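Take a look at the following structure, please.
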2 protein chains.
Amino acid sequence: MAGKTRQTCPCVSRKAGRRVVYEKQAEILKALAHPLRVAILDFLKDGEQCVCDIAKHVNSERSNVSRHLAVMVNAGVLESRKQGLNVMYELKALCILDFFSCLEKCLKVQAKDTQKLMKAL
Amino acid sequence: MAGKTRQTCPCVSRKAGRRVVYEKQAEILKALAHPLRVAILDFLKDGEQCVCDIAKHVNSERSNVSRHLAVMVNAGVLESRKQGLNVMYELKALCILDFFSCLEKCLKVQAKDTQKLMKAL
DNA sequence: TAACTATGTGATTATATACTCATATAGTAA
DNA sequence: TTACTATATGAGTATATAATCACATAGTTA
C-alpha cells in the first residue's frame with residue numbers, strides 16, 4: 001500500500017482530469033442549449049428580471065420557466081436573489097454573452113452556404 | 001387576399017423571427033453540449049483528424065464517434081472531406097474555440113465559490 | 001387572522017438522445 | 001476477383017429531458 005499516491009501515472013490522471021473538465025463544460029453548454037433558455041438569456045442581457053416577467057416575455061408557463069431557470073442556476077450560468085415575493089434572476093457569467101456573437105457568426109456562414117447552394121441549382 | 005403580405009404586424013413577425021434564431025442557436029449549442037463532443041472539439045483545435053484517430057483519442061467506439069461527428073456537421077460546427085479510405089473532420093467555425101475560454105472562466109468562478117463555501121463551514 | 005400572488009416541485013407523459021451491435025457501403029491493396 | 005479497412009447507418013434499448021397539471025410553500029396585504 002506504500003507509495004499508493006504514485007501508483008497512478010501522471011499522464012493517466014491528467015487524462016482523467018481532462019474528462020472531468022469536458023463533463024463540466026458540457027454541463028454548462030447543455031444548460032444553454034434550449035431555445036427557451038437562449039431566449040431567457042437574451043432577455044437577461046439587459047439586467048435582472050423576475051420569473052413572472054421572464055415567463056411573460058418568452059410566452060411560457062411560469063412553472064416551466066422556473067425549471068429552466070433552475071437548470072441554469074445549477075450550471076452556474078445564472079444567480080438569483082429574493083426580493084419580496086419575487087425571485088430575481090441575472091447572468092452570473094457575462095462572458096456567456098460573447099457566445100452569442102459567435103453563434104450569430106456561425107448562422108451567417110450557414111446562410112451563405114445555403115445561398116451558394118441555391119445559386120448552383 | 002389582397003395585401004396579405006402586410007397582414008402580419010412587423011412586430012409579430014420580428015418576434016417570430018427571433019424565435020427561429022433562438023432555435024438555430026440552441027441547435028448549435030446542443031451540438032456542442034456533450035462531454036465526448038467537447039473532447040473531440042478540443043482534439044480538433046490543432047487541425048483535421050480522421051474518425052479513426054478521433055475514436056482512439058477519445059477512447060470510444062468508431063460508430064459512436066461517427067454519429068457524434070455527424071451531429072456537429074449537421075449543426076455547421078464541423079466540416080468533412082474524404083481522403084482515400086478516411087474521412088477527415090475539421091472545425092468549420094473557429095470562433096467556437098473562444099467558447100471554451102469562457103467555459104473555463106465559468107468553471108474557475110464556480111471553483112472559487114466552492115472554496116468560499118468550504119472555508120465558511 | 002384570511003385571501004392573495006409569485007415561485008418551486010412531485011408526478012406523469014411524451015419525446016429526444018446516446019450507446020451498442022450487426023450490417024451496409026466505399027475505397028484500397030493483393 | 002477477393003480480402004481488408006474506414007466509415008456510416010438501421011434497429012433496439014436505456015436514459016435524459018421537457019411540458020403540463022396539481023399542489024405546496026413563502027411572502028404580502030388587508
Side-chain angles (χ1 to χ4, degrees), chain A residues 19-20 22-41 43-44 47-90 92, chain B residues 19-20 22-44 47-92:
Chain A
R19 195 164 60 158
V20 173
Y22 295 146
E23 273 163 14
K24 282 276 173 197
Q25 290 180 326
E27 206 182 303
I28 296 174
L29 287 166
K30 228 184 286 182
L32 308 176
H34 188 285
L36 204 67
R37 297 204 279 267
V38 174
I40 291 171
L41 292 167
F43 185 46
L44 291 181
E48 64 175 8
Q49 297 284 349
C50 67
V51 181
C52 180
D53 289 340
I54 296 170
K56 254 183 255 162
H57 189 262
V58 302
N59 194 34
S60 180
E61 292 230 354
R62 284 183 197 181
S63 64
N64 193 29
V65 169
S66 183
R67 262 186 237 275
H68 282 292
L69 290 167
V71 169
M72 291 192 279
V73 169
N74 285 334
V77 172
L78 301 183
E79 56 189 352
S80 65
R81 68 183 182 84
K82 245 194 151 161
Q83 187 178 45
L85 255 182
N86 299 313
V87 178
M88 310 299 290
Y89 285 86
E90 74 174 330
K92 187 170 183 181
Chain B
R19 196 164 57 156
V20 173
Y22 294 146
E23 274 164 13
K24 282 277 172 196
Q25 289 179 328
E27 205 182 304
I28 295 174
L29 287 165
K30 227 184 287 182
L32 308 176
H34 188 285
L36 204 66
R37 297 205 278 268
V38 174
I40 291 171
L41 291 167
D42 191 37
F43 186 45
L44 291 182
E48 63 175 11
Q49 297 284 351
C50 66
V51 181
C52 179
D53 288 341
I54 297 169
K56 253 182 255 163
H57 189 262
V58 301
N59 196 32
S60 180
E61 292 231 353
R62 285 182 196 182
S63 65
N64 193 30
V65 169
S66 184
R67 262 184 238 274
H68 281 292
L69 290 167
V71 168
M72 291 193 276
V73 168
N74 285 334
V77 173
L78 300 184
E79 57 190 351
S80 64
R81 67 183 184 83
K82 240 187 156 169
Q83 187 179 45
L85 256 181
N86 299 314
V87 177
M88 310 299 289
Y89 285 85
E90 74 174 330
L91 287 170
K92 187 171 183 181

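What you are looking at is a predicted structure, and each value in this text was computed from that prediction instead of being measured. Below, chains carry the letters A, B, ... as their sequence lines are ordered, and counting in each starts from 1.
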Value in whole Å for how far the C1' atom of C/dA16 lies from CG of B/Asn74: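 Nearest whole value for this atom pair: 15 Å.
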Phosphate-side-chain proximity, A/Tyr89 and C/dG8, N/O vs OP1/OP2 below 4.0 Å: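 For C/dG8, OP1/OP2 do have a side-chain N/O of A/Tyr89 under 4.0 Å.
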Whole-Å gap separating P (D/dT17) and CZ (A/Arg37):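 The distance from CZ of A/Arg37 to P of D/dT17 comes to 9 Å, rounded to the nearest Å.
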Step-by-step side-chain contact (heavy atoms from CB on, under 4.5 Å) determination, B/Val71 to B/Val77: CA-CA 9 Å; B/Val71 168; B/Val77 173; over 6 Å; no
Listed nucleotide nearest any side-chain atom of B/Val87, set D/dA8, D/dA6, C/dT7: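 Given the options D/dA8, D/dA6, C/dT7, the side chain of B/Val87 is closest to D/dA8.
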Rounded distance (Å) that lies between atom P of D/dT7 and atom CG of B/Leu78: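 To the nearest whole Å, that distance equals 14 Å.
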Side chain of B/Arg62 - closest among D/dA6, C/dT7, D/dT9: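 Of D/dA6, C/dT7, D/dT9, D/dA6 is nearest to the side chain of B/Arg62.
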B/Leu29 CG - C/dT17 P separation (whole Å):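 In whole Å, C/dT17 P and B/Leu29 CG are 14 Å from each other.
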N or O in side chain of B/Asn86 less than 4.0 angstrom from D/dT7 OP1/OP2: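 The answer is yes; a side-chain N or O of B/Asn86 sits under 4.0 Å from OP1 or OP2.
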Distance, rounded to the nearest Å, where A/Leu36 contributes CG and C/dT15 contributes C1':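 Answer to the nearest Å: 16 Å.
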Distance below 4.0 Å between B/His68 side-chain N/O and C/dT17 OP1 or OP2: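 For C/dT17, OP1/OP2 do not have a side-chain N/O of B/His68 under 4.0 Å.
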Reading 5' to 3' through nucleotides 24-30 of chain D, protein heavy-atom contacts under 4.0 Å coded B for base, S for sugar-phosphate only, - for none: --BBS--
Sugar-phosphate only, base, or nothing, as touched by A/Ser63 at under 4.0 Å among non-hydrogen atoms: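 A/Ser63: base contact, heavy atoms under 4.0 Å.
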A/Asn64 vs B/Asn64, nearer the 5' end of DNA chain D by closest nucleotide: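 Nearest nucleotide further toward 5': that of B/Asn64.
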Length of the CD-P vector between A/Glu61 and C/dG8, whole Å: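 The distance from CD of A/Glu61 to P of C/dG8 comes to 15 Å, rounded to the nearest Å.
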Gap separating the NZ atom of A/Lys30 from the CG atom of B/Leu29, nearest 0.5 angstrom: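 Answer for the NZ-CG pair, A/Lys30 versus B/Leu29, is 13.0 Å.
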Side-chain N or O of B/His34 closer than 4.0 Å to phosphate OP1/OP2 of C/dC19: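 For C/dC19, OP1/OP2 do have a side-chain N/O of B/His34 under 4.0 Å.
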B/Asp42 side chain vs B/Val38 backbone, donor-acceptor pair below 3.5 Å: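 Such a contact is absent between B/Asp42 side chain and B/Val38 backbone.
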Nearest-0.5 Å distance that lies between atom CD in A/Glu61 and atom CZ in A/Arg67: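 Answer rounded to 0.5 Å: 10.5 Å.
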Atom-to-atom span, NZ of B/Lys30 to P of C/dA16 - whole angstrom: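 Going from B/Lys30 (NZ) to C/dA16 (P), I get 9 Å.
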Length of the line joining A/Met72:CE and C/dT7:P, which is rounded to integer Å: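 Between P of C/dT7 and CE of A/Met72: 14 Å.
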Closest heavy-atom pair and its distance - A/Ala26, B/His34: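 Nearest heavy atoms, A/Ala26 then B/His34: CB-C, 3.5 Å.
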Mutual orientation of the aromatic rings belonging to A/Phe43 and A/His57 [parallel < 30°, tilted 30-60°, perpendicular > 60°]: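 Judged by the thresholds at 30° and 60°, the geometry between A/Phe43 and A/His57 is parallel.
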Under-3.5 Å donor-acceptor pair between A/Arg67 side chain and C/dT7 base: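 Counting by modelled atom types and ignoring angles, no donor-acceptor contact under 3.5 Å is found here.
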Validation row: B/Val58, B/His68 side chains within 4.5 angstrom (heavy atoms):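 Side chain of B/Val58 against side chain of B/His68, heavy atoms only: no contact under 4.5 Å found.
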